[in-house]
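Sharing a structure here in structure tokens format.
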Amino acid sequence: MIAGEGGRIILRSDKETLVIEAWGANSLRVRATQLRDFFDEDLSPLLPPAETKPVIRTDGGAASIANGKLTCEILENGKLRFINQKGEILLEEYSRRRDHDIKTEPVSALDVNSRTYEPIPGTDNYRITVRFEASDGDRIYGMGQYQQPFLDCKGCIFELAHRNSQASVPFMLSSKGYGFLWNNPAIGKASFGKNLTEWISESSKKIDYWITAGNTPAEIAEAYAGVTGTAPMMPDFAMGFWQCKLRYVRQEEILAVAHKYKELNLPISVIVVDYCHWTKHGDWKFDPEYWPDPAGMVKELKDMGIGLMVSVWPTVERDSENYREMLDRGYLVRTEYGRRLGQVGNACFIDVTNPEARSYVWGKIKKNYYDLGIKVFWLDEAEPELEGYEYGNYRYFRGSELEIGNIYPREYARMFRDGMTAEKQENVINLIRCAAPGSQRYGALVWSGDIDSTFASLRSQVAAGLNIGLAGIPWWTTDIGGFHGGNIHDPAYRECFIRWFQSGAFCPVMRLHGGREPWVEGGHQDNEVWSYGEEVLAICRKHLELRESMRPYIKEQMRRAHEKGTPVIRPLFYDFPSDPAAWLIEDQYMFGDKYLVAPVLYENVRERDVYLPEGKWKDIDSGQIYSGGVTIRSEAPLDRIPVYYRQ
């Protein structure tokens, strides 16, 4: 039975209820369930949409709902087909039916349904699968941050789950002119095969996705931002250079580094106190033996124009001062089987899906950090980093890890944003190791995790940063030089470090970090720009000063990210969608709408090809002007990254 009710279509057939409704400009939301109602709507990142007036038509066993440029046709067999304002098919469900009475598609012995619900015995949940037809020539982007060098996701399989250096943000942007959000926080899988597109949730009560149509990638990205929110306006201090390493152990050490930056007249905006500055995991306070006067340290840094960021982990050790109280109140993540104390020795995780737990932990953070003047935090272990990633063994206040686990990083960011805004702080920003749809509106600056210090890893960061930006997370950064390894005396690694530092100057946030070699006691090797020798220091100085000179320009790009959801770094096709060649370039990107960046991504490379789209382009080093629409050979000596300014 199909009915048009209250601006939406409702289809009831056998065990399934399907609802399709307008949700934002040129957009539709699709939900389906075999239960009596749709539950847990507050888990969704979708914001209430502005009112639209869809056009609904019903005709016997078929129907359609049109909202601006997007129309969904419901065929007589229940199959969905999405078309644009030109009548072109954007996306259609995949089904192969053997019912001879249905004439909308060929009869097939395969008998494959487009939407399937595999019951999980003894629960109200299902293993859910939604299938769509594949499309020749379609290119797919987004999906969050994955450690692979592929910008085009067509042909890829994605685990819909978070891991250290992997952030599942299941929004995809298609070259056919649509965007699609898999609006489900369950652990699952997405496959963009040559023969079939398939979305799977391992444990869920419903199908839920959102789709939009647009003439350009920008129109699609802005529609998505309109329903999931935008980042705050980035504060001015965050647009400069951030100094970090694994790790500063003592208060006098971090102050000495800050003073040396000032003595050398090197730009610096933020310096970072990394993990284990505390007494125990879960105490959330400075160890007074090593940090005797944190308030004085914050003031001394502030007087130098440097902000202090402090690392916070969601881990709670059994011997910490808060463990027993949090355990008794139900503020810790539980396990279905065995010990819950399995992380970093005898520690477990706070349950950020519980609002009372969020309030409790923020109270500790406020007392021991925020009230000392610390206004930016590093939210590490934000996936969280589960022991063995045994997703079926963990349970939260809001449900099992299998069903709702992917909301963890969003709620973690929310805990800090809510606490900080309650203190009247504006434009909240916090560094975090993971993200989910909607994280951007909680001030989440995502970094790409504990990655290797190699050229291969650097190549993967280009795709990771561009795709997470297209998935709605415009604030992104990476550990300049990588995290794991990198001998500061090795000429081969110094080359990798230089190339990473150069591209870092054209990243939404420029941040140096890493655990360098050779190891010293405690594993805290130097990682300041002067640690790599005079030649490297001179190149770093050049790019630090370049970054500083771009601050007004960067501020304008951050304003666009805040107001419209525009990615700060994006593939060339975002700004040049009508240029077919721009869709094929995966090793260049735009930094805002003016700078075309062509990073050097391989060792021993001293020149590279650069594609310039139509227009006039100025080499920022030589000042030479080029006419676009061509590929040029650009010189790339060790002290230069090819960058061209759009006239």
Carboxylate-amine/guanidinium proximity below 4.0 Å for E321 and K285: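 Salt bridge flag = yes for K285 with E321.
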Determine, using ring centers only, whether W278 and Y290 are less than 6.0 Å apart.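 Not close enough - the centres of the two rings lie 6.0 Å or further apart.
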Does a sphere of radius 6.0 Å around CD in E252 hold more than 12 heavy atoms from other residues, nucleotides or ligands, not counting ones at 6.0 Å or beyond?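 Yes, CD of E252 has more than 12 neighbouring heavy atoms, counting only those of other groups under 6.0 Å.
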I would like to know whether V509 and W476 meet side chain to side chain contact (heavy atoms under 4.5 Å, CB included); could you show each step before the answer? CA-CA 7 Å; V509 165; W476 178 85; over 6 Å; no
Ring-plane angle category for Y261 and F241, please: parallel below 30°, perpendicular beyond 60°, tilted otherwise.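 Taking F241 first and then Y261, their aromatic rings sit tilted (interplane angle of 30° to 60°).
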Below 6.0 angstrom between ring centroids: does that apply to Y595 and Y553?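 Ring-ring flag for Y595/Y553: true, centres closer than 6.0 Å.
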Looking at R395 and D351, is there a salt bridge between them, counting it only when a charged N and a carboxylate O are closer than 4.0 Å?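 No salt bridge links D351 with R395.
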Partners passing ring-ring contact (aromatic ring centres under 6.0 Å, His included) against Y493 (at least two apart in sequence or in another chain):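 ring-ring contact (aromatic ring centres under 6.0 Å, His included) list for Y493, sorted by chain: empty.
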Using a strict cut-off of less than 4.0 Å between a Lys/Arg side-chain nitrogen and an Asp/Glu carboxylate oxygen, indicate whether R433 and E381 qualify as a salt bridge.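 Answer for the salt bridge query: yes.
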Under the side-chain contact (heavy atoms from CB on, under 4.5 Å) test against M510, which residue among I554, L544, T477 passes?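 Among I554, L544, T477, the one that satisfies the side-chain contact (heavy atoms from CB on, under 4.5 Å) with M510 is L544.
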Using only atom types and a distance under 3.5 Å, with no angle test, would you say the side chain of N527 pairs donor to acceptor with the backbone of C244?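 Judged by distance alone, yes, a pair lies under 3.5 Å.
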If the test is side-chain contact (heavy atoms from CB on, under 4.5 Å), which one of M550, M234, M233 qualifies with K555?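 Of the listed residues M550, M234, M233, the side-chain contact (heavy atoms from CB on, under 4.5 Å) partner of K555 is M233.
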Counting N and O atoms only, with roles assigned by atom type, does the side chain of R547 sit under 3.5 Å from a partner on the main chain of P267, one being a donor and the other an acceptor?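 Not confirmed, R547 side chain does not pair with P267 backbone.
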Within a reach of under 6.0 Å around NZ of K189, are more than 12 heavy atoms found that belong to other residues, nucleotides or ligands?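 No - once you tally the heavy atoms of other residues, nucleotides and ligands closer than 6.0 Å, there are 12 at most.
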Please identify which of these residues, N322, V316, V333, meets the side-chain contact (heavy atoms from CB on, under 4.5 Å) condition with I350.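 Answer after filtering N322, V316, V333: V316.
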Classify the angle between the aromatic ring planes of Y412 and F416 as parallel (below 30°), tilted (30 to 60°) or perpendicular (above 60°).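 It falls in the perpendicular class, over 60°.
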Of all heavy-atom pairs between P474 and V568, which one has the smallest distance, and what is that distance?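 Shortest heavy-atom separation between P474 and V568 comes out as O-CG2, 3.9 Å.
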Dump the intermediate steps for side chain to side chain contact (heavy atoms under 4.5 Å, CB included) on L160 and M143, then the final yes or no. CA-CA 9 Å; L160 302 182; M143 294 300 294; 3.9 Å; yes
Only one of Q461, Q166, R163 forms a side chain to side chain donor-acceptor pair (under 3.5 Å) with Q147, so which one is it?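 It is Q461, the one option of Q461, Q166, R163 that forms the side chain to side chain donor-acceptor pair (under 3.5 Å) with Q147.
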Would you compute the distance between atom CG of D639 and atom CD1 of I498 and round it to the nearest 0.5 angstrom?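 Going from CG on D639 over to CD1 on I498, the span is 8.5 Å.
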Is a donor on one side and an acceptor on the other found under 3.5 Å between the side chain of D283 and the backbone of T279?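 Pair absent, no side-chain N/O of D283 close to backbone of T279.
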Tell me whether Y532 contacts the main-chain N or O of P491 through its side chain, where contact means a donor paired with an acceptor under 3.5 Å.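 Side chain of Y532 to backbone of P491: no pair is present.
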Between K245 and E253, does at least one N-O distance fall below 4.0 Å, as a salt bridge requires?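 E253 and K245: salt-bridged.
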Can K260 and E263 be counted as an ion pair, charged N to O under 4.0 angstrom?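 Looking at E263 together with K260, the answer is no, because their closest N to O distance does not fall below 4.0 Å.
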Ring centroid separation for H513 and W378, is it under 6.0 angstrom?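 Between W378 and H513, which both carry aromatic rings, the centre distance is below 6.0 Å.
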From R410 CZ over to C434 SG, what is the distance, rounded to the nearest 0.5 angstrom?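 So the CZ of R410 and the SG of C434 are separated by 12.0 Å.
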Interatomic spacing from NZ in K302 to CD1 in I374 - rounded to 0.5 Å: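 It is 12.5 Å, given to the nearest 0.5 Å.
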Return yes if a side-chain donor-acceptor contact under 3.5 Å exists between E300 and H259, otherwise no.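 Checked: E300/H259 side chains pair up, N/O donor to acceptor below 3.5 Å.
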How long is the straight-line distance from NE2 of H281 back to CZ of F349, given to the nearest 0.5 Å?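 Answer rounded to 0.5 Å: 10.0 Å.
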Enter the distance from S453:OG to D479:CG here, rounded to the nearest 0.5 Å.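 S453 atom OG to D479 atom CG measures 8.0 Å (nearest 0.5 Å).
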Could you tell me if E325 and Y331 have a donor-acceptor pair between their side chains, going purely by distance under 3.5 Å?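 No.
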Quick one: does any side-chain atom of H562 pair with a main-chain N or O of A231 as donor and acceptor, under 3.5 Å?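 Indeed, once roles are kept as given, a pair shorter than 3.5 Å links the two residues.
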Could you label the plane-to-plane angle of the W291 and F286 rings as parallel, tilted or perpendicular, counting under 30° as parallel and over 60° as perpendicular?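 Because their plane-to-plane angle lies in the 30° to 60° range, the rings of W291 and F286 count as tilted.
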Have S165 and S448 got a donor and an acceptor in their side chains that come within less than 3.5 Å?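 The answer is no; no qualifying pair exists.
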Test: D371 and K367 ion pair at under 4.0 Å: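 Looking at D371 and K367, the cut-off is not met.
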Is a salt bridge present between E548 and R551, judged by a nitrogen-to-oxygen distance below 4.0 Å?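 R551 and E548: salt-bridged.
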Considering only NZ, NE, NH1 and NH2 on the basic side and carboxylate oxygens on the acidic side, decide whether D287 and R250 come within less than 4.0 Å.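 Salt bridge: no.
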Going by atom types alone, do Q243 and Y248 pair a side-chain donor with an acceptor below 3.5 Å?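 On atom types as modelled, these side chains qualify, holding a pair under 3.5 Å.
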Testing the 3.5 Å rule here: is there a donor-acceptor pair between the side chains of Y396 and E401?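 Result is yes, a qualifying pair exists.
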Gap separating the CD atom of Q145 from the NE2 atom of H162, nearest 0.5 angstrom: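 That separation rounds to 11.0 Å.
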Determine whether the side chains of R541 and N265 contain a donor N or O and an acceptor N or O closer than 3.5 Å.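 Short answer, no.
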Centre-to-centre under 6.0 Å for W500 and F455, is that the case here?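 Distance test on ring centres: not under 6.0 Å, no.
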What's the shortest heavy-atom distance between E495 and R606, and which atoms?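 Minimum heavy-atom separation between E495 and R606: OE2-NH1, 3.0 Å.
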Near-ring test W284/Y369, centroid separation under 6.0 angstrom: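 No, the ring centres sit 6.0 Å or more apart.
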Just wondering, do E411 and N354 contact through their side chains at under 4.5 Å, heavy atoms?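 When only atoms from C-beta onward are counted, E411 and N354 do not touch, as no gap falls below 4.5 Å.
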Regarding D490 and R494, does a basic nitrogen lie under 4.0 Å from an acidic carboxylate oxygen?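 Salt bridge between D490 and R494, a charged N being under 4.0 Å from a carboxylate O: no.
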For G565 against T230, the heavy-atom pair lying closest together: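 Result for this residue pair: N-CG2, 3.8 Å.
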For R318, which residues count as a salt bridge (Lys or Arg N to Asp or Glu O under 4.0 Å) partner, sequence neighbours excluded?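 Listed in chain order: nothing, the list is empty.
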Would you indicate whether K299, at its atom NZ, is surrounded by more than 12 heavy atoms from other residues, nucleotides or ligands within a distance under 6.0 Å?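 No, the 6.0 Å shell around NZ holds no more than 12 heavy atoms from other groups.
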